[in-house]
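Numbered from 1 within each chain, the chains take letters A, B, ... in sequence-line order.
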Number of protein chains: 2
Amino acid sequence: MANLTKCIDMMDEGIGRVSLVIPQMPAAEARLSRLMLMVGSSLEEELEAKLKPHKLNHSDFLTLMILYSRPDGHSTPGELCEFASQGATNMTRIANALVKRGLITRRAGEADRRCVLIHITAAGRRLVQKMLPPLFPRIGAMFTGFSEADKRQLSRLLRKLAHNLDRLSEDPHPPRTPR
Amino acid sequence: MANLTKCIDMMDEGIGRVSLVIPQMPAAEARLSRLMLMVGSSLEEELEAKLKPHKLNHSDFLTLMILYSRPDGHSTPGELCEFASQGATNMTRIANALVKRGLITRRAGEADRRCVLIHITAAGRRLVQKMLPPLFPRIGAMFTGFSEADKRQLSRLLRKLAHNLDRLSEDPHPPRTPR
DNA sequence: AGAAAACATTTCACCAATGAAGTAAAAGAT
DNA sequence: ATCTTTTACTTCATTGGTGAAATGTTTTCT
């Protein structure tokens, strides 16, 4: 929406001022969290803009990509929810939309008839193969000026952060420390 | 929602398989982008969970924090839109909600009567001061195992990525290169 | 001064995502 | 064997966020 660099400058100053009033604030970590949030949502915005011409939003696209990247091209709603980090309700909507466009099929499971089996169709594969290559230049451009070492570092640090986030949400009580 | 580490493993495998079919894909960069998106939205989820008890969502909270962190505690809807990366429509809704709760006031601008002046109230400041400290332990915990050098690296790399994203969206045409 | 252009904000209509309740199948208990 | 519990998914009602048009204000042009 607006200029990211400007927002970051503003955030830096803001945290600086707040930490004068509330000195026990972990200012460096707060800055890092805000940076992650800002860069993450800017990246998401960028991605959504590239998907819009294909009438797909992020979660539709991600769902389709998960199916595409599976060895057998199929899955179940529950599994898709898990890997696409979506609620079951929303996955129903996504699947309805993708079925309507002929990109996936949905049929009853055979072994366990509670499950629904979702398969990517040939048209779904064609769409993915058509839309991915135009994305590559921008993905590359995002990392201009990054050395190989920079990329490795970033990967390492993000994975470490992910690990910590997992630990945090396993043990989700803030007031009570359940030993 | 689900386990982040598991989703990341799944993503790594998925990109591995896709890049066998589409070898010109910049796999390392694609992985980094997905990592950013996944960690970013997990962080957002974590934050929203902490805000929910106060009946604030991320954009409400961010708006209030921007006002709180201003030297004079005031701003205009336009400026808030810019720094909170929100559309004007949504800022109207946010301001309505915060006014109704007595956390901000909204009155006509004096110099330029097209503008609206938004001030944080004493109750708004009190709320911020009450809700920030319980956030600190979790912010710290997110970065356990990060050395000082790690934090500096992460900050540097995120800012570099932000810079590249700004350059990308200034010049937004993918097919045509408008020289 | 009066008309036109540019701005700041709000209203309206819509879409995506969520939570709570509902339906159906499978697994487990008695 | 059947009754209960659990699992998998869908439906319905609501919330958060967006784009397009509307309103009121200031600035600019002639």
Side-chain angles (χ1 to χ4, degrees), chain A residues 1-2 37 40-42 44-49 51-64 74-101 104-119, chain B residues 1-2 37 40-42 44-49 51-64 74-101 104-119:
Chain A
M1 201 155 295
L37 289 169
S41 60
S42 178
E44 178 140 7
E45 210 175 290
E46 163 73 21
L47 175 59
E48 298 250 19
L51 297 179
K52 187 162 294 179
H54 303 278
K55 313 265 191 210
L56 286 173
N57 63 23
H58 187 177
S59 38
D60 299 342
F61 173 70
L62 183 51
T63 302
L64 194 61
H74 67 86
S75 187
T76 64
E79 204 178 21
L80 290 170
C81 282
E82 187 175 354
F83 293 129
S85 307
Q86 293 295 319
T89 308
N90 200 29
M91 192 50 70
T92 297
R93 187 192 56 75
I94 292 167
N96 287 341
L98 297 180
V99 166
K100 185 148 51 178
R101 289 180 60 177
I104 66 173
T105 59
R106 181 157 45 177
R107 44 178 234 267
E110 282 142 37
D112 182 343
R113 288 171 38 71
R114 288 171 302 183
C115 291
V116 168
L117 279 183
I118 292 182
H119 281 255
Chain B
M1 201 153 293
L37 289 169
S41 59
S42 177
E44 179 140 7
E45 211 174 288
E46 163 74 21
L47 175 59
E48 298 250 19
L51 297 179
K52 186 162 294 179
H54 303 279
K55 313 263 191 211
L56 286 173
N57 64 22
H58 188 177
S59 37
D60 297 343
F61 173 69
L62 183 52
T63 302
L64 195 60
H74 66 86
S75 187
T76 64
E79 205 178 19
L80 290 170
C81 283
E82 186 174 356
F83 293 128
S85 306
Q86 293 294 320
T89 306
N90 200 28
M91 192 49 69
T92 297
R93 186 192 57 74
I94 293 167
N96 287 340
L98 297 181
V99 166
K100 185 149 49 178
R101 290 180 58 177
I104 64 171
T105 59
R106 182 156 46 176
R107 43 177 235 265
E110 282 143 37
D112 183 342
R113 287 170 39 74
R114 286 172 304 185
C115 292
V116 168
L117 278 184
I118 293 183
H119 281 255

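Secondary structure note: stems in DNA chain D built from 3 or more consecutive Watson-Crick or G-U wobble pairs under 3.5 Å occupy C:1-30 with D:1-30.
Considering only residues two or more places apart in sequence or on other chains, Arg114(A) meets the salt bridge (charged side-chain N to carboxylate O under 4.0 Å, His left out) condition with Asp112(A). With sequence neighbours left out, His74(B) forms a ring-ring contact (aromatic ring centres under 6.0 Å, His included) with His119(B). The salt bridge (charged side-chain N to carboxylate O under 4.0 Å, His left out) search around Glu44(A) returns none, not counting sequence neighbours. Among residues two or more places apart in sequence or in another chain, the side chain to side chain donor-acceptor pair (under 3.5 Å) test is passed with Arg106(B) by Asn96(B). Partners of Ala97(A) according to the side-chain contact (heavy atoms from CB on, under 4.5 Å) rule, which considers only residues two or more places apart in sequence or in another chain, do not exist here. Not counting sequence neighbours, the partners of Ser42(A) by the side-chain contact (heavy atoms from CB on, under 4.5 Å) test are Leu4(A), Leu165(B).
Protein atom CZ of Arg93(A) is 14 Å distant from nucleotide atom C1' of dT10(D), rounded to whole Å. Computed from coordinates, the Ile118(A) CD1 to dC9(D) P distance equals 8 Å when rounded to whole Å. When rounded to the nearest whole Å, the span between NE2 of His58(B) and P of dG16(D) equals 15 Å. Distance Leu62(A) CG to dA17(C) P: 11 Å, rounded to the nearest Å. One can place CG of Asp60(A) at 14 Å from P of dC15(C), the figure rounded to the nearest angstrom. Following rounding to the nearest Å, Arg107(A) (CZ) and dT10(D) (P) show an atom-to-atom distance of 15 Å. For the pair Gln86(B) CD and dG19(D) C1', the interatomic distance rounds to 14 Å; values are reported in whole Å. Taking atom CD of Glu45(A) as the reference point, atom P of dG17(D) lies 14 Å away to the nearest angstrom.
Looking only at side-chain heavy atoms (C-beta outward), Thr92(B) and Pro77(B) stay at 4.5 Å or farther from each other.
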Annotated protein contacts, base or backbone, on nucleotides 8-14 of chain C with a non-hydrogen cut-off under 4.0 Å, one of B, S, - each: SSBBB--
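Remark on DNA chain C: of its neighbouring residues Asn57(A) and Ala111(A), the 5'-side contact belongs to Asn57(A), judged by nearest-heavy-atom nucleotide.
Legend: salt bridge (charged side-chain N to carboxylate O under 4.0 Å, His left out) pairs involving residues 75-100 of chain A, not counting sequence neighbours, sorted by first then second residue: Arg70(A)-Glu79(A), Glu82(A)-Lys6(B).
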Leu37(B) and His58(A): side-chain contact (heavy atoms from CB on, under 4.5 Å), yes or no, with the steps? CA-CA 10 Å; Leu37(B) 289 169; His58(A) 187 177; 4.0 Å; yes
